[in-house]
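The residues of the chain are indexed from 1 along the displayed sequence. Note: hydrogens, waters and symmetry copies are ignored here, and every other heavy atom, side chains too, is used.
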Amino acid sequence: MLYIRLTKCIIMQTYKYHLRMLKLLFFFITMLLASEFALAQQEFVLSGKVTDASNGQPIPFVTVTTRESLIGTVTNDEGGFDLHLPDSVKQDVLIITLIGYKLQEFPLSTVKSPLMVSLQPDIIEMKEVQIKPQPPTYYILLAARSMKMNYPVQPFETQAYYRENITENNGFLRSAEGVFKTYYPGFQDTLKNQNQLMLFHKAETLSELAFMKKEREKSEAKEKRKDEKAARKGKTVEKKKETSNDSLKIGEMFGGPDNLLSLADIVRSPDNCIDTNMFGEYTYSFAKSSTFNSAELMVINFKSRGKVDGNREEGKIFLDIASNAIVKIETQGTVVIPTLIRPVLFVMGIGAENPKFKSSIEFQKVKDRWYPKNMQFNMDINVEKKRMFSANDNSNFKILGALIVNRIDIGSPTAVAKEKRYTSKKKPEEQVFNDLGLTWDQINVIKR
């Protein structure tokens with residue numbers, strides 16, 4: 001009996017030992033496979049600079065993207081870029097494009113960082129304006145009628161990098177960046193686009209608003225004395241809301257991602273200049289042709305006859321002649337301060353120039369359809385507070401915003417749950433839903 005028990009004990013111990021060894025082996029194999037998978041998913045960073053071959057000057061906002069995986073970014077003011085790419089796309093092709101320049105392609109398998117690129121201006125023989133058979137509005141109307149053929153009908157999804165800076169006399173009042181996932185129900189659908197804020201970061205050390213600081217301090221001191229008097233009488237003092245460094249709410253009036261996010265929706269909310277119902281508000285003329293990826297673009301100048309939605313504006317519309325697609329719209333102008341407000345500003349001793357603005361929306365072609373690529377919005381505002389016995393306040397406010405599409409998902413887009421949709425009614429930092437576990441080192445930002 002003792003022998004049998006010992007035998008059973010030895011068998012059980014041997015079984016447990018092998019079981020532990022099998023578990024350890026399984027754990028080791030699992031970790032090894034996980035390690036191999038992690039290595040397979042490692043990213044590499046391709047850095048570079050893009051210059052104009054004709055003069056050697058750096059070129060900003062050049063599109064740098066991959067042909068198949070549709071991962072991209074744009075160059076900064078110095079022509080520099082950093083492109084984060086997974087190892088899995090090393091067989092893809094890097095494409096560098098800008099309207100008016102010849103496209104350049106580089107197999108990623110042969111590219112070394114840093115990549116120095118000189119873009120050649122794409123010069124084509126231009127047709128005389130007089131021989132165009134129809135007026136400019138005819139071609140814009142043709143583009144409007146061709147939208148179903150040129151822009152996505154099926155839902156798609158983008159991941160875009162957002163950046164905004166608001167400065168007063170070069171001091172930062174706001175500096176923020178974020179990453180948006182946008183679900184497009186398809187440009188022909190009546191449903192609105194759905195935006196989800198995946199990442200958000202804002203600078204903590206910012207300048208205090210300098211404009212009318214004396215008046216604010218005087219008002220705050222008055223409120224403080226009033227509260228102290230009420231407290232002495234035993235009255236409850238209502239707690240004041242914490243004031244922002246931008247107490248004029250410049251950012252709320254003109255900044256924020258909403259304006260940039262809406263620019264891309266060219267079908268449901270077209271710019272006034274391409275709205276066929278608004279043709280009477282503008283004058284149109286042909287400009288010198290341009291190119292995009294060696295294809296000829298028709299360029300049409302537009303200028304508002306007067307104020308349109310409170311703006312006086314002008315710009316250019318770039319049309320792909322082959323497909324009648326709108327490739328890019330550039331707009332600049334002034335926001336006209338309403339006549340009713342000017343007397344109020346005068347009484348307050350405030351002088352203000354009409355704010356100047358620039359905006360642009362650019363599309364990229366993917367599988368015979370045109371998808372949003374880059375959106376930009378800039379504004380410049382000069383204001384002055386006049387004083388009798390001290391120096392006037394003079395402030396120049398600048399708003400610089402950009403939304404750059406990093407990735408496009410055509411095959412498997414997913415709608416954004418209602419509770420996760422971005423809204424301007426809440427602070428951005430209060431509505432970040434990072435479902436994908438993104439980190440900033442995975443995002444193709446505009447190189448600093």
Chemist: Report the distance from atom CD1 of Ile140 to atom OH of Tyr282, rounding to the nearest 0.5 Å.
Modeler: 10.5 Å

Chemist: Taking side chain as C-beta onward, heavy atoms only, is Phe156 less than 4.5 Å from Tyr183?
Modeler: no

Chemist: Go through it in stages, so that I can follow the logic: the residues are Tyr184 and Gln194, the test is side chain to side chain donor-acceptor pair (under 3.5 Å), and I'd like the CA-CA distance, side-chain angles, deciding distance and then a yes or no.
Modeler: CA-CA 7 Å; Tyr184 293 82; Gln194 302 166 8; over 6 Å; no

Chemist: I'd like to know whether Gln159 forms a side chain to side chain donor-acceptor pair (under 3.5 Å) with Asp409, so could you lay out the CA-CA distance, the side-chain angles of the two residues, the decisive distance to 0.1 Å, and finally the verdict.
Modeler: CA-CA 8 Å; Gln159 185 185 104; Asp409 185 349; over 6 Å; no

Chemist: So, Tyr139 versus Gln134: side-chain donor-acceptor pair below 3.5 Å or not?
Modeler: no

Chemist: Within the supplied structure, the quantity of interest is the number of heavy atoms (other residues, nucleotides, ligands) at a distance under 6.0 Å from Lys102 NZ; does it exceed 12?
Modeler: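 At most 12 heavy atoms, drawn from other residues, nucleotides or ligands, come within 6.0 Å of this atom.
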
Chemist: Going by the side chain to side chain donor-acceptor pair (under 3.5 Å) test, name the single residue among Asn170, Asp380, Thr167 that passes it with Asn396.
Modeler: Asp380

Chemist: Is there side-chain contact between Leu46 and Pro114, with at least one heavy-atom pair below 4.5 Å?
Modeler: no

Chemist: With distance as the sole test, does Asp393 use its side chain to make a donor-acceptor pair with the main-chain N or O of Lys385 at under 3.5 Å?
Modeler: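 No, the answer is negative, given that no donor and acceptor are paired below the 3.5 Å cut-off.
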
Chemist: Begin from the C-alpha positions of Lys328 and Glu330 and carry the test salt bridge (charged side-chain N to carboxylate O under 4.0 Å, His left out) through to its verdict.
Modeler: CA-CA 7 Å; Lys328 187 177 183 179; Glu330 296 177 347; 3.1 Å; yes

Chemist: Would you say the side-chain atoms of Thr158 pair up with the backbone N or O of Ala160, donor to acceptor, closer than 3.5 Å?
Modeler: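 No; judged by distance alone, with no hydrogens or angles, the pair does not exist.
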
Chemist: With a cut-off of 6.0 Å (strictly less than), are more than 12 heavy atoms of other residues, nucleotides or ligands near CZ of Arg387?
Modeler: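 Yes, CZ of Arg387 has more than 12 neighbouring heavy atoms, counting only those of other groups under 6.0 Å.
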
Chemist: So Tyr101 and Asp52, side chain to side chain donor-acceptor pair (under 3.5 Å) or not? Walk me through it.
Modeler: CA-CA 9 Å; Tyr101 290 84; Asp52 188 320; 2.6 Å; yes

Chemist: Does either side chain, that of Asp82 or that of Ser47, offer a donor lying less than 3.5 Å from an acceptor on the other one?
Modeler: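 Yes.
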
Chemist: Are any non-hydrogen side-chain atoms of Val335 and Phe357 less than 4.5 angstrom apart?
Modeler: yes

Chemist: The test is side chain to side chain donor-acceptor pair (under 3.5 Å); show your working for Asn324 and Asn150 and say whether it passes.
Modeler: CA-CA 8 Å; Asn324 299 316; Asn150 287 322; over 6 Å; no

Chemist: Determine, using ring centers only, whether Phe363 and Tyr371 are less than 6.0 Å apart.
Modeler: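 Tyr371 vs Phe363: aromatic centres not under 6.0 Å.
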
Chemist: Under 3.5 Å, is there a donor on one side chain and an acceptor on the other for Asn301 and Lys316?
Modeler: yes

Chemist: Does Leu199 reach the side chain of Asn434, with side-chain heavy atoms less than 4.5 Å apart?
Modeler: yes

Chemist: With under 30° as parallel and over 60° as perpendicular, where do the rings of His201 and Trp440 fit, or are they tilted in between?
Modeler: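 Taking Trp440 first and then His201, their aromatic rings stand perpendicular (interplane angle over 60°).
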
Chemist: Rounded to the nearest 0.5 Å, how far apart are CG of Leu206 and OG of Ser175?
Modeler: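 With rounding to 0.5 Å, CG (Leu206) is 7.0 Å from OG (Ser175).
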
Chemist: Any side-chain heavy atom of Thr63 within less than 4.5 Å of one from Lys373?
Modeler: yes

Chemist: Are Phe292 and Asp320 side-chain neighbours, meaning at least one heavy-atom pair lies under 4.5 Å?
Modeler: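 With C-beta onward as the side chain, the pair stays apart.
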
Chemist: Is there a donor-acceptor contact under 3.5 Å linking the side chains of Asp122 and Thr291?
Modeler: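 Yes, because at least one side-chain N or O of Asp122 sits under 3.5 Å from a partner of the opposite role on Thr291.
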
Chemist: Might you confirm whether atom CG of Asp368 has over 12 heavy atoms from other residues, nucleotides or ligands at distances under 6.0 Å?
Modeler: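 At most 12 heavy atoms, drawn from other residues, nucleotides or ligands, come within 6.0 Å of this atom.
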
Chemist: Between Leu119 and Thr51, is there a side-chain heavy-atom distance shorter than 4.5 Å?
Modeler: no

Chemist: Quick one: are the ring centres of Phe279 and Tyr284 less than 6.0 Å apart?
Modeler: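 Yes.
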
Chemist: Test your reading of the model: is there a side-chain donor-acceptor pair from Arg369 to the backbone of Tyr151, 3.5 Å cut-off?
Modeler: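 Present.
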
Chemist: Examine distances only and state if a side-chain atom of Asn444 and a backbone atom of His84 form a donor-acceptor pair shorter than 3.5 Å.
Modeler: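 Flag set: sc Asn444 to bb His84 pair under 3.5 Å.
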
Chemist: Could you check whether Glu313 and Asn272, counting side-chain N and O atoms only, form a donor-acceptor pair closer than 3.5 Å?
Modeler: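 No.
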
Chemist: Can you check whether Pro428 reaches Tyr422 side chain to side chain, under 4.5 Å on heavy atoms?
Modeler: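 Sidechains of Tyr422 and Pro428: in contact.
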
Chemist: Looking only at the side chains, is there a donor atom on one of Thr73 and Lys447 sitting less than 3.5 Å from an acceptor on the other?
Modeler: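 Side chains of Thr73 and Lys447: no pair found under 3.5 Å.
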
Chemist: Would the distance check show the side chain of Gln442 and the main-chain N or O of Thr439 forming a donor-acceptor pair, the cut-off being under 3.5 Å?
Modeler: yes

Chemist: For the residue pair Asn392 / Glu384, report whether a side-chain donor-acceptor contact shorter than 3.5 Å exists.
Modeler: yes

